[in-house]
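For the single chain, residues carry numbers from 1 onward in sequence order. In listed order, ligands and their atoms are each counted from 1. All values derive from a computational prediction rather than experimental measurement.
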Amino acid sequence: MATIASGLQAVKLRINKAAKTPVALLAVSKTWPAQAIREAHAAGQKAFGESYVQEALGKMQELSGLDLEWHFIGPVQGNKAKAIAEHFDWVHSIDREKIALKLSEARPGNLPPLQVCIQVNISGEASKSGVPPDEVPHLAQFVSGLPKLRLRGLMAIPEPTRDERLRRARFAELRQLKGRLCESGFDLDTLSMGMSEDLESAILEGATMVRVGSAIFGTRNKK
Ligand SMILES: *Cc1c(COP(=O)(O)O)cnc(C)c1O
């Protein structure tokens with residue numbers, strides 16, 4: 001039977017095979033119980049990604065004794081911004097000014113700034129969430145001016161495809177967009193892209209953080 005430790009190990013091997021420079025692994029634990037996170041943590045994993053606020057808060061409470069880093073990767077609803085700002089270390093899915101402002105305002109003063117990425121809707125993005133590429137510089141400017149947010153980079157979820165060239169082209173688009181932002185003065189170090197199915201393509205195009213769920217924990221039941 002596949003265990004979480006062996007899933008983690010297999011994913012790390014895939015990452016190391018594809019990567020020339022270190023790539024961070026975010027274990028996407030959405031829909032899995034606290035016990036699964038406990039197992040992954042025992043196998044050395046510290047950073048976990050969640051998409052549903054209520055579900056995540058429950059797990060955080062259960063696991064409060066562990067030294068974990070929590071990343072919010074789902075769409076941010078206005079009425080959930082406060083809870084996210086209070087309990088997460090990172091948010092990968094900033095897609096509008098209003099949400100960025102709410103998160104900054106709700107971030108408790110005793111915590112370090114919330115580390116954030118702007119979610120970009122690169123061509124053909126299945127979920128249709130994220131900002132169109134041409135609006136990213138404006139949003140990046142806005143986010144950079146907020147005191148309790150620290151803009152780290154860009155995130156995207158391209159539509160799944162078996163076409164390797166198309167995959168690579170979409171990830172390359174995000175890398176180039178980050179490159180242009182850095183040239184214009186933004187200090188960005190994060191490209192959050194690549195999941196269980198396509199992490200190698202993302203890494204070959206410069207991903208610095210891959211978000212991997214099913215290849216570690218197993219197939220999720222549809223929510
Ligand atoms: C669920 C999810 C993932 C992980 O997907 P897998 O295919 O299970 O690896 C990554 N990123 C986001 C934003 C997700 O919602």
Practice prompt. Measure the shortest side-chain to side-chain distance between Arg107 and Leu149 over non-hydrogen atoms and say whether it is less than 4.5 angstrom.
Written response: no
Worksheet item: Taking both backbone and side-chain atoms of Met155, is any N or O found less than 3.5 Å from an N or O belonging to ligand 1?
Response: no
Worksheet, complete the sentence: The option among Gly49, Gly194, Ser214, Pro160 carrying the non-hydrogen atom nearest to atom 7 (O) of ligand 1 is Ser214
Fill in: Gly213: numbered ligand 1 atoms lying under 4.0 Å from its heavy atoms
4 (C), 6 (P), 8 (O), 9 (O)
Worksheet item: Which residue owns the protein heavy atom closest to atom 11 (N) of ligand 1, what's the atom, and how far is it?
Response: Arg211 NE, 2.8 Å
Practice prompt. Please identify which atoms of ligand 1 are closer than 4.0 Å to at least one heavy atom of Val212.
Written response: 9 (O)
Item to complete: Give the atoms of ligand 1, by number and element, whose distance to some non-hydrogen atom of Ile157 is under 4.0 Å.
Response: 13 (C)
Item to complete: For residues Met155 and Arg211, determine if any side-chain heavy atom of one lies less than 4.5 Å from a side-chain heavy atom of the other.
Response: yes
Item to complete: Report the C-alpha separation of Lys46 and Glu69 in whole Å, then their side-chain angles, then the decisive distance to 0.1 Å, and conclude whether the salt bridge (Lys or Arg N to Asp or Glu O under 4.0 Å) test is met.
Response: CA-CA 6 Å; Lys46 196 178 159 197; Glu69 186 179 280; 5.1 Å; no
Response to the item:
Heavy-atom closest pair (Met193 atom, Glu205 atom, distance to 0.1 Å) is CE-O, 3.5 Å
Item to complete: Measure Arg220 to ligand 1 on non-hydrogen atoms and call it side chain, backbone, both or neither using the 4.0 Å cut-off.
Response: side chain
Worksheet, complete the sentence: Under 4.0 Å from one or more heavy atoms of Lys30, ligand 1 contributes atoms 1 (C), 2 (C), 3 (C), 14 (C), 15 (O)
Worksheet item: Among Ser196, Gly218, Pro75, which residue places a heavy atom closest to atom 6 (P) of ligand 1?
Response: Ser196
Worksheet entry | Backbone N/O of Ser29 and side chain of Arg220: donor-acceptor pair under 3.5 Å | no
Worksheet entry | For atom 12 (C) of ligand 1, closest protein heavy-atom neighbour | Ile73 CD1, 3.5 Å
Worksheet, complete the sentence: Between Trp32 and Lys59 the two heavy atoms that sit nearest each other are O-NZ, 2.7 Å
Practice prompt. Go through ligand 1 atom by atom and flag the ones less than 4.0 Å from a non-hydrogen atom of Ser51.
Written response: 15 (O)
Worksheet item: Do the ring planes of Phe72 and Phe88 sit parallel (below 30°), tilted (30 to 60°) or perpendicular (above 60°)?
Response: perpendicular
Practice prompt. Around atom 3 (C) of ligand 1, find the nearest protein heavy atom and jot down its residue, atom name and distance.
Written response: Met195 SD, 3.7 Å
Worksheet entry | Nearest non-hydrogen partners of Asp95 and Val131, listed with the distance | O-CG1, 4.1 Å
